[in-house]
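Here's the structure we're looking at; comments come further down.
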Amino acid sequence: MQKKKQGILRRQVSWGNKRKTMTHLCYIYIENYKKLRQVGIVIDPHYQYNLNIQERCLTIEKKPSIPNYFWGEGVYSLSAIVGGNGVGKSTMLRFILDAVVEGAANQDLQGCIIFEKDGNLYKCTRNCELNIIGISNVKIIETDNESINTFFYSGHFSPLFDYNDVRTVELTGMYNATDNFRLIKDLQDYSNVDTIHLSNNIQSHFFAYQAQNNYRICYLLSQQHIRECLDNLNFPKYIIINANTSGIKAIEVNYSGKFNGYQIPDFKRIRNSIKDNVLANLIYYNLINTIADQDFIRTEAYDFLVRWCNTYNEDTQNILNFYREYVANEQMNEALRTFLNDIHWCLKIVDEICSFDDNIGYYIDVRNEDGSLYNLVEHLLSNRIYLTAKFFDMSYSHSLHDITVLSSGEQELLNLLSRLYYAVVIGPTKFDNLRSPSLLLLDEAEIGFHPEWQRQYVNRLCKFIQMLLVPADHNFQIVLTSHSPIILSDIPKCCTNFLKEEHGYVVNNRDEQTETFAENIFNLYRRSFFMENGLIGEFASNKIDALKARIEQCNSRLGMETIRKEINYIGDTFIKGYLLKKLDGIADRLSYEEQIAFYQAKIEDLRRRKDE
């Protein structure tokens with residue numbers, strides 16, 4: 001990519017000639033794609049669509065099912081694809097990527113896309129016979145493919161890659177935010193190395209991925225208006241700078257703690273200054289990382305580490321200046337000197353920008369308005385040198401007394417928002433050939449979210465989009481897949497596609513559904529997610545069936561009491577009462593003595609409950 005000369009400024013983005021007429025995706029029809037056959041989905045509910053498969057006809061009418069600005073400023077439409085596992089929700093998103101992303105192999109697709117541009121509807125049909133008719137003055141124009149800038153994010157991760165799948169590449173006009181692809185791209189972008197098929201050292205991929213994630217997340221959190229939106233989500237308040245010990249771990253694994261047969265020297269503490277001691281520790285592990293990572297200067301770096309550890313002592317003060325002068329005066333390989341100077345450059349910025357606490361070391365208060373986090377991002381984290389080296393680790397904490405890692409849900413949410421922010425705001429300001437996406441495809445992005453966060457998901461997403469620094473006329477379309485009825489309760493039926501498999505074919509059941517918006521989630525489970533077999537776990541359901549059978553066969557008081565104990569585990573009061581009543585009804589099967597004991601136990605139980 002061709003980089004712009006100026007850096008990213010803390011200002012409203014100036015888009016200039018990047019503005020263009022918005023293209024909105026309206027409808028997707030798939031004739032034949034993987035497991036999907038003759039199925040259509042609605043993207044834009046500002047039109048009504050009637051697909052008649054038998055007559056091979058699709059009619060389109062300008063009859064909005066939803067008011068304009070229903071989702072708020074900046075969101076033109078939000079549509080959902082729901083259904084059980086294996087019905088093709090993710091496959092539907094793959095088809096959209098193949099159909100609208102510039103550079104995808106869409107000539108081989110069998111289907112049709114309908115999109116709106118400049119107030120006109122266009123159809124692009126590929127390898128299928130479908131008669132598309134506009135009614136009530138709707139005119140539909142035949143055209144070639146129209147590319148739409150697209151953002152793709154998935155909550156799924158798999159280390160196995162299909163490189164013929166558009167989801168595992170990043171084409172012109174697409175930002176691939178999946179973990180699958182970032183694991184490749186984050187190293188490739190900032191190391192200028194070919195990383196296709198994960199052919200590089202997997203550890204290098206993971207560290208580049210971690211550095212990039214930290215960069216994107218810190219850049220996101222450095223924006224005050226973003227933090228205010230996320231404030232009540234209880235994200236960590238502090239970013240803690242830690243020594244990166246990956247080098248010493250690699251040497252322990254690969255060389256049994258030695259290099260060229262010699263022991264790695266131990267770290268030497270500085271006695272009189274806690275800050276100098278922390279900096280010396282950071283320098284020490286940076287030197288070891290240089291030995292572990294840089295093959296062509298590994299031996300020279302080891303020799304320097306030994307000399308360095310024998311040079312400074314526990315009374316050394318101003319360790320950074322001492323280190324800089326020592327590097328300048330030593331005779332060494334110039335390539336090594338460059339790496340050693342990079343260490344000084346990095347740690348000097350950390351020392352100048354970050355706060356320091358004797359117990360925790362260097363940190364940044366995310367809530368602080370002095371711009372320190374933003375400055376760290378701009379001066380250090382976005383620099384190519386940082387993104388490809390292991391100068392330090394970053395962790396997160398809610399206090400300065402302990403270091404807390406992000407939960408999986410917090411990490412997923414920050415991954416999604418930070419990558420979206422980068423694709424929409426940061427990338428287009430850094431690279432001349434990038435455009436802000438307008439179509440957002442989110443494949444089960446809520447995986448790992450607590451139900452309360454699922455409840456907030458759609459609202460948070462819409463609010464976040466409204467805060468992005470994009471032109472006033474830039475409207476987003478969101479297409480999401482989900483298994484969550486809580487999320488579906490935020491989405492009207494006219495914006496939802498209900499995929500279901502019938503007789504070996506996937507169909508869109510949207511016309512048979514009742515309204516979903518603000519619906520009770522139990523009704524959504526039963527009707528919209530097609531859970532015909534009930535809403536309790538299958539193990540519990542089988543247990544209840546077994547209890548019913550045991551009641552039918554029971555003929556002893558001991559057996560009744562055993563069954564009663566198991567019935568008392570049941571939480572649903574209706575099911576529990578039904579089984580207890582059924583159990584009490586078999587008392588006449590008992591002998592007279594057992595019936596007397598049975599009813600005495602019942603009387604004692606009633607007295608106990610009365611006293612309570």
Side-chain angles (χ1 to χ4, degrees), residues 24-25 28 41-45 71-72 74-83 85 87-101 148-158 165-168 170 173-182 216 220 229-230 408-425 436-450 453-468 470 475-492 495-499 516:
H24 293 126
L25 193 60
I28 294 285
I41 63 167
V42 173
I43 306 297
D44 178 6
W71 302 106
V75 181
Y76 178 78
S77 68
L78 189 155
S79 56
I81 306 172
V82 301
N85 287 320
V87 297
K89 300 184 299 297
S90 298
T91 302
M92 191 70 74
L93 297 188
R94 292 166 69 177
F95 182 90
I96 295 175
L97 288 169
D98 278 331
V100 305
V101 171
I148 302 176
N149 291 328
T150 305
F151 172 91
F152 177 60
Y153 182 88
S154 174
H156 302 281
F157 172 75
S158 171
D165 186 347
V166 70
R167 297 176 303 166
T168 60
E170 189 171 69
M174 173 188 179
Y175 186 85
N176 192 332
T178 63
D179 278 333
N180 284 25
F181 187 70
R182 294 326 318 167
R216 287 183 290 258
L220 176 76
C229 173
L230 304 178
S408 59
E410 290 172 328
Q411 186 69 58
E412 284 296 323
L413 182 60
L414 280 179
N415 283 350
L416 169 61
L417 298 184
S418 62
R419 294 174 195 182
L420 179 56
Y421 187 78
Y422 184 90
V424 172
V425 178
S436 180
S438 58
L439 177 61
L440 312 180
L441 304 181
L442 309 177
D443 189 14
E444 296 186 37
E446 81 282 358
I447 291 178
F449 288 1
H450 180 275
W453 278 21
Q454 293 182 21
R455 193 184 69 82
Q456 299 177 18
Y457 174 60
V458 171
N459 186 58
R460 289 285 174 189
L461 184 61
C462 291
K463 285 181 63 177
F464 181 75
I465 286 173
Q466 291 161 20
M467 291 187 301
L468 297 180
V470 295
N475 289 311
F476 292 90
Q477 286 190 284
I478 305 171
V479 182
L480 60 86
T481 68
S482 179
H483 286 293
S484 170
I486 304 177
I487 290 175
L488 188 57
S489 71
D490 269 339
I491 304 174
C495 302
T496 308
N497 301 273
F498 306 88
L499 301 188
T516 55

Practice prompt. Show your working on side chain to side chain donor-acceptor pair (under 3.5 Å) between Asn85 and His483 and close with a plain yes or no.
Written response: CA-CA 9 Å; Asn85 287 320; His483 286 293; 3.1 Å; yes
Worksheet item: Step by step, would you call Leu78 with Phe476 a side chain to side chain contact (heavy atoms under 4.5 Å, CB included)?
Response: CA-CA 9 Å; Leu78 189 155; Phe476 292 90; over 6 Å; no
Discussion item. One pair to check against side chain to side chain contact (heavy atoms under 4.5 Å, CB included): Val479 and Leu25. What are the steps and the verdict?
Written reply: CA-CA 10 Å; Val479 182; Leu25 193 60; 5.7 Å; no
Worksheet item: Run the side chain to side chain contact (heavy atoms under 4.5 Å, CB included) check on Ile491 and Val82 step by step: do they pass?
Response: CA-CA 11 Å; Ile491 304 174; Val82 301; over 6 Å; no
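Side-chain contact between Val100 and Met174 is absent, with no heavy atoms from C-beta onward closer than 4.5 Å. At a threshold of 4.5 Å between non-hydrogen side-chain atoms, the residues Ser438 and Asn475 do not count as touching. Considering only heavy atoms from C-beta on, Leu440 stays 4.5 Å or farther from Leu461 through its side chain. Using a 4.5 Å cut-off on side-chain heavy atoms (C-beta onward), Phe464 and Tyr421 make contact. Here the side chains of Glu412 and Ile447 are not in contact, with every heavy-atom distance at 4.5 Å or above.
For the atom pair Leu220 CG and Arg216 CZ, the distance stands at 11.5 Å (nearest 0.5 Å). Note: Leu441 CG to Thr178 OG1 = 12.0 Å, rounded to the nearest 0.5 Å. Here the CG-OH distance, from Leu413 to Tyr457, works out to 9.5 Å after rounding to the nearest 0.5 Å. The OG atom of Ser79 sits 7.0 Å away from atom CG of Leu480, with the distance rounded to the nearest 0.5 Å. Annotation: the span from Ile43 atom CD1 to Ile478 atom CD1 amounts to 12.0 Å, rounded to 0.5 Å. For the atom pair Cys495 SG and Asp490 CG, the distance stands at 11.5 Å (nearest 0.5 Å).
Lys89 contributes a side-chain N or O that, together with a main-chain N or O of Gly83, makes up a donor-acceptor pair within less than 3.5 Å. For the pair Thr150 (side chain) and Ile148 (backbone), a donor-acceptor distance under 3.5 Å is present.
Applying the ring-ring contact (aromatic ring centres under 6.0 Å, His included) criterion to Tyr153, with sequence neighbours excluded, gives no partner residue.
A side-chain contact (heavy atoms from CB on, under 4.5 Å) with Phe152 is found for exactly one of Val101, Ile96, Leu97, Leu439, namely Leu97. Checked against Ser482 for a side chain to side chain donor-acceptor pair (under 3.5 Å), the options Gln454, Glu444, Glu446 give a single hit: Glu446.
Closest approach of Trp71 and Pro492 over heavy atoms only: CH2-CD, 3.7 Å. Heavy-atom minimum distance, Gln477 versus Ser77: NE2-OG, 3.0 Å. Shown here for Gly409 and Phe449, the closest heavy-atom pair between the two residues is O-CE1, 3.5 Å. The shortest non-hydrogen separation linking Asn497 to Ile41 is OD1-CA, 3.3 Å. Summarising the geometry of Trp453 relative to Glu410, their closest heavy-atom pair is CH2-CG, 3.6 Å, with the distance given to 0.1 Å. Between Gly74 and Ile465, the shortest heavy-atom contact is O-CG2, 4.0 Å.
In this model, a donor atom of one side chain and an acceptor atom of the other lie less than 3.5 Å apart for Asp443 and Ser90. Checking Asp44 against Tyr76 by side-chain atom types alone, a donor-acceptor pair falls below 3.5 Å.
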